[in-house]
Structure formats: C-alpha cells, structure tokens
Protein chains: 2
Amino acid sequence: MSQTPVDVDPRVRRSREAVLAASVALFVAGGPRAVTVDAVSEESGVAKTTIYRHWRDRAHLLADTYRACLPVVPVPDDGRGPQEALRDVVRCLVRGMGQEPTRPALPHLIATPLDPVESRALPADVMDQTFAPLVLSIQRAASSGVIPPDTDAMEAKHQLVGFIIMSAIDPACAMDDVLADRITDLFIRGRQGQGQ
Amino acid sequence: MSQTPVDVDPRVRRSREAVLAASVALFVAGGPRAVTVDAVSEESGVAKTTIYRHWRDRAHLLADTYRACLPVVPVPDDGRGPQEALRDVVRCLVRGMGQEPTRPALPHLIATPLDPVESRALPADVMDQTFAPLVLSIQRAASSGVIPPDTDAMEAKHQLVGFIIMSAIDPACAMDDVLADRITDLFIRGRQGQGQ
DNA sequence: GGCTTATGCTACGCTACCGTAGCGTACTAC
DNA sequence: GTAGTACGCTACGGTAGCGTAGCATAAGCC
C-alpha cells in the first residue's frame, strides 16, 4: 500500500503521491495529530472524498505516512569485512536520520507507536526493521572478534542507536560521515579494551 | 505552579494533587493527546470547573504534567572525584529514567516539545534541565583528564543520554546500577584510548 | 455556630475532525 | 470520438474537546 505501482492510471498515481507528500509534511511539522484528513486534503489539493477512495480511513493513511518517514538502510555487504560493514551501516543510518523527512520527524516516529490511538493500524515492529541491518552488523562484528564475542547485541544496538538519534534530534549536530565514523570508533574502542 | 505550597486550604491541595496525578497517569498512558480536561476530570473525580479554577487552560495543565514526569537528578558531589561523580550522575539518571512515571512517558516526553500545539506553554529547556548535572559532570571529567580535555560536551551528552534513553524505552531492559556502570565504563574506555 | 470560600453540577456555545452521499466534470484509454 | 473512471464539490450527521456561566452544596477557619 505504501508503494504505488507504475502502471496505473496517472490520475491515481498523481493523487496518491500528492496526498502522501502532504501527509508527510504535516507529520513532520506537527506529529500524528497534525495529520488530519481535512488538513491533508487542503495541503495536497486533493479532495477529501478522493483520499477516502484510496485509504480506508485516517489510520491507514497515517501508517503509510509513518513508513514514508523512515529511512531505508541496506543490508551490509558481507565481502568487506565485519568492521567496514559496521562502519557502512552506521554511516547509512546517520545519513538517513539526518535527512528530510526523517530528522524532523524523529521524535514523532519514536512516540507514535506508543500512542494507543495512533498506533492502531501500525505494525508493532515497523521501527525495528530500520535497525535490523545494524543488529546484523553488530552480530557479525561480535562473532568475528572485532568486539567481544559475548557482546549483548541489544545493548550494543541501544548504545549506537541512542547516540545516533540524540545527535539527530539536536539541530546543531551535523549528520555526516565524520560523525558516523566517530560513533563507530568510540563504540568499538569502548568494547575492545573491555576487561570482561 | 508545579509545586503546591503546604500552607494552603487543604481542599485546594487535595484538588491540585488529584488532578495532577490523574493528568500524569493519562499522559503516561496516551501522551499529551490523552490529557484532555474532560478525561482528567473524570479520572481524578475533580469537577472540570474546579480544574479551570487552578489552571488557566489545558496548556498550563499539560506543562505541569510534563514537569511532573521528569526525574530530578541532583548536582554531583564535588568531593568524590570526577570519575565517581560522573558514575553517580549516570546512576541517578538511569534509575530516574527507569522509574514510573518517567519510563513509560519517555517517548512522549521526547515528542511533546516538538509538537507545535502541545509545546505552547512549555519552556524550551525543561528537558535540558534534567541533563544539566550530567553535562556538568562531563565537563569536570574532561578538565580533570578522566576523558580527553578537548571532549565535546554536547557530543558526549548525546552519547550517554542516547544510550540511557534507548535502554529505558526497551521494556526488556533492567534500569539498575549494573547497567549504569556499564554505560559509564564503555563511555570512558572509548574516550580514553582515543588517538586524537 | 457563622462566615468565607472551594467545590460540584448542569447546561451551554463553539470548533475541529471523521467518514459518507450524491452529482456533475474532466481526464484517460482504446 | 466514445465509454469508463477518477476526481472535485457541497452538504451532511455524529462525536469529542475547549472553556464559561450560574447556582447550590459542602468543607474549612475563627
């Protein structure tokens, strides 16, 4: 539902894209609460009745909006070695989190799944999928000895993701590869010298 | 406004406390959106008109609710040395974030200040005050050489706060001194071995 | 016990939002 | 060109929430 096929009536395609773009803009600016069907209609120029022709109700529209705000992080290339793979994933994550629309939407992305009303049509693990490649990289780094083999992958994930998200929330922070590499280095160094 | 004096009419005191308790419970369960005056009235057993006698409008009530959800972290004792002081602050922060009502309210605490509607009556730096003691400890640790003197205090804050918050958001995570000390150790070790 | 004051209750008016119905128009595909 | 279909528009009915008014009651203070 979040991906519109190419070979459809161009009118449908236009409407869907306009609606989703407006919806994302509203979500970024004011969170789930700002994504009202009336506001989306006005912002997009698409009639409210048309919106309801494409989405069953507001909850389904919000679910698609939420997904559209999450960055896509590719699964790390296995060929480059575990340390480089981890570095790459962190770079992708930092860049993704630093970009529009993710960055300004971040606080809302964190809070929405917990809202008992807004999370109705939202799969419980949408957010987790974004960090799946990172967890994979952490596990590979552990099993290959870059970090201790007994590393708690969830704890390590909290450590890295927390650092990245807090940086992205701070508007003064540059979300570039320099930061990404610093995060990776501080992470690995802290784990390496570990006297179990 | 968030602290009710002791020497007032006990009826006022009772009402204020009942309202704030109900308001916090609703905020925890459903975020700022769930804190409606009608819901608070029903949940607390205090008449809606009485609520409006104590708070100018819903925004002011929400501001007090927000503050009531934040943990209080004492300024570190200077006598114990910078490393122990940092350890203490992180312990307090971890415990505070792990407790009710802060823990379940955390995602909402992060998102609310960014909501253009909900943040109306919310001072911009309420959240920052919670982490001020941590920043102080980081600066002392830096100036005393526990971590490099040229440490970026804001970056270090993101690193520590991010780790703590992500742990607190994960319901499977135990927010105790063991975790706090691990967080501190991983932080310091990563910074110490740093090859400028 | 009597005065003061906080509270409870009911009933408002107003606004925003959800989701639907019906009908005319404009676009697309063939 | 013509049929099919997506779209826009207007107008609903219903609900939830905000903030207020007026009056009766009950609690606290001396």
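Letters A, B, ... are given to chains in the order of the sequence lines, protein chains preceding strands, and every chain is numbered from 1.
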*Asks:* Look at the side chain of B/K48 against the base of C/dG8 and say whether a donor-acceptor pair falls under 3.5 Å; ignore hydrogens and angles.
*Replies:*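 For B/K48, whose side chain was compared with the base of C/dG8, there is no donor-acceptor pair (under 3.5 Å).
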
*Asks:* Find the distance A/Y52:OH to C/dC17:P and express it as a whole number of Å.
*Replies:*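 In whole Å, C/dC17 P lies 12 Å from A/Y52 OH.
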
*Asks:* Tell me which of B/A59 and B/P10 sits closer to the 5' end of DNA chain D, going by the nucleotide each one is nearest to.
*Replies:*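 Nearer the 5' end of the strand: B/A59.
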
*Asks:* So for A/R56 and C/dG19, does any side-chain atom that can act as donor or acceptor lie under 3.5 Å from a complementary atom in the base?
*Replies:*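 Side chain to base: no pair present.
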
*Asks:* Looking only at N and O atoms, is any donor in the side chain of B/T49 or the base of C/dC9 less than 3.5 Å from an acceptor on the other one?
*Replies:*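 Answer yes: a donor N or O sits under 3.5 Å from an acceptor.
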
*Asks:* Can you tell which of B/D181, B/D77, B/D177 makes a salt bridge (Lys or Arg N to Asp or Glu O under 4.0 Å) with B/R87?
*Replies:*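 By the salt bridge (Lys or Arg N to Asp or Glu O under 4.0 Å) criterion, B/R87 pairs with just one of B/D181, B/D77, B/D177: B/D181.
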
*Asks:* When the distance from CG of A/L62 to P of C/dG19 is rounded to whole Å, what number comes out?
*Replies:*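 For the pair A/L62 CG and C/dG19 P, the rounded distance is 11 Å.
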
*Asks:* Less than 4.0 angstrom between a side-chain N/O of A/S15 and OP1 or OP2 of D/dC7, yes or no?
*Replies:*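 Affirmative; the distance criterion is met.
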
*Asks:* Would you find a donor on one side and an acceptor on the other, under 3.5 Å apart, between the side chain of B/R140 and the backbone of B/P82?
*Replies:*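 Looks like no, no N/O pair under 3.5 Å.
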
*Asks:* Between B/D38 (CG) and D/dA16 (P), how many Å, whole number?
*Replies:*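 Whole-Å distance recorded here is 10 Å.
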
*Asks:* Side chain of B/D9 only, heavy atoms from C-beta on: which candidate in D/dG28, C/dG19, C/dC18 is closest?
*Replies:*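 Selected nucleotide: D/dG28.
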
*Asks:* Taking only N and O in the side chain of A/R14, is any of them less than 4.0 Å away from OP1 or OP2 of C/dT28?
*Replies:*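 So the side chain of A/R14 is within the cut-off, an N or O lying under 4.0 Å from OP1 or OP2 of C/dT28.
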
*Asks:* For the pair made of CG in B/L61 and C1' in D/dG17, what is the distance, rounded to whole Å?
*Replies:*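 Taking CG of B/L61 and C1' of D/dG17, I get 14 Å after rounding.
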
*Asks:* Rounded to the nearest angstrom, tell me the gap between atom CD in A/E118 and atom P in C/dC17.
*Replies:*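 In whole Å, C/dC17 P and A/E118 CD are 13 Å from each other.
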
*Asks:* On DNA chain C, compare the nucleotides closest to A/V37 and A/R53; which residue's is nearer the 5' end?
*Replies:*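 Result: A/V37.
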
*Asks:* Under 4.0 Å, counting only non-hydrogen atoms across every strand here, what does B/R33 touch: a base, just sugar-phosphate, or nothing?
*Replies:*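 No contact.
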
*Asks:* Nearest to the side chain of A/T50 - D/dG19, D/dC7, C/dG8?
*Replies:*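 Nearest to the side chain of A/T50 among the choices is D/dC7.
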
*Asks:* For C/dC27, does the base pair up with any side-chain atom of A/R11 as donor and acceptor (N or O, under 3.5 Å, distance only)?
*Replies:*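 Between C/dC27 and A/R11, which were checked side chain against base, a qualifying N/O pair under 3.5 Å is present.
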
*Asks:* Quick one: does B/S41's side chain have a donor or acceptor within less than 3.5 Å of a partner on B/K48's backbone?
*Replies:*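 Yes: the side chain of B/S41 pairs with the backbone of B/K48.
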
*Asks:* Once you round it to whole Å, what is the distance between C1' of C/dC17 and CZ of A/R58?
*Replies:*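 Nearest whole value for this atom pair: 9 Å.
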
*Asks:* Given atom CZ of B/R13 and atom P of C/dT7, what is their separation to the nearest angstrom?
*Replies:*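 Spelled out: CZ on B/R13 to P on C/dT7 is 13 Å.
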
*Asks:* For the pair made of CD in B/E42 and P in D/dG17, what is the distance, rounded to whole Å?
*Replies:*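 Value for this atom pair: 10 Å.
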
*Asks:* For a quick test of reading the model: is some side-chain N or O of B/H54 closer than 4.0 Å to OP1 or OP2 of C/dT7?
*Replies:*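 For C/dT7, OP1/OP2 do have a side-chain N/O of B/H54 under 4.0 Å.
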
*Asks:* Quick one: do the B/Q192 and A/R189 side chains pair a donor with an acceptor below 3.5 Å?
*Replies:*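 No, no side-chain donor-acceptor pair sits under 3.5 Å.
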
*Asks:* Is there a donor-acceptor contact under 3.5 Å from the side chain of B/T50 to the main chain of B/V46?
*Replies:*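 Checking the backbone N and O of B/V46 against the side chain of B/T50, no donor-acceptor pair under 3.5 Å is found.
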
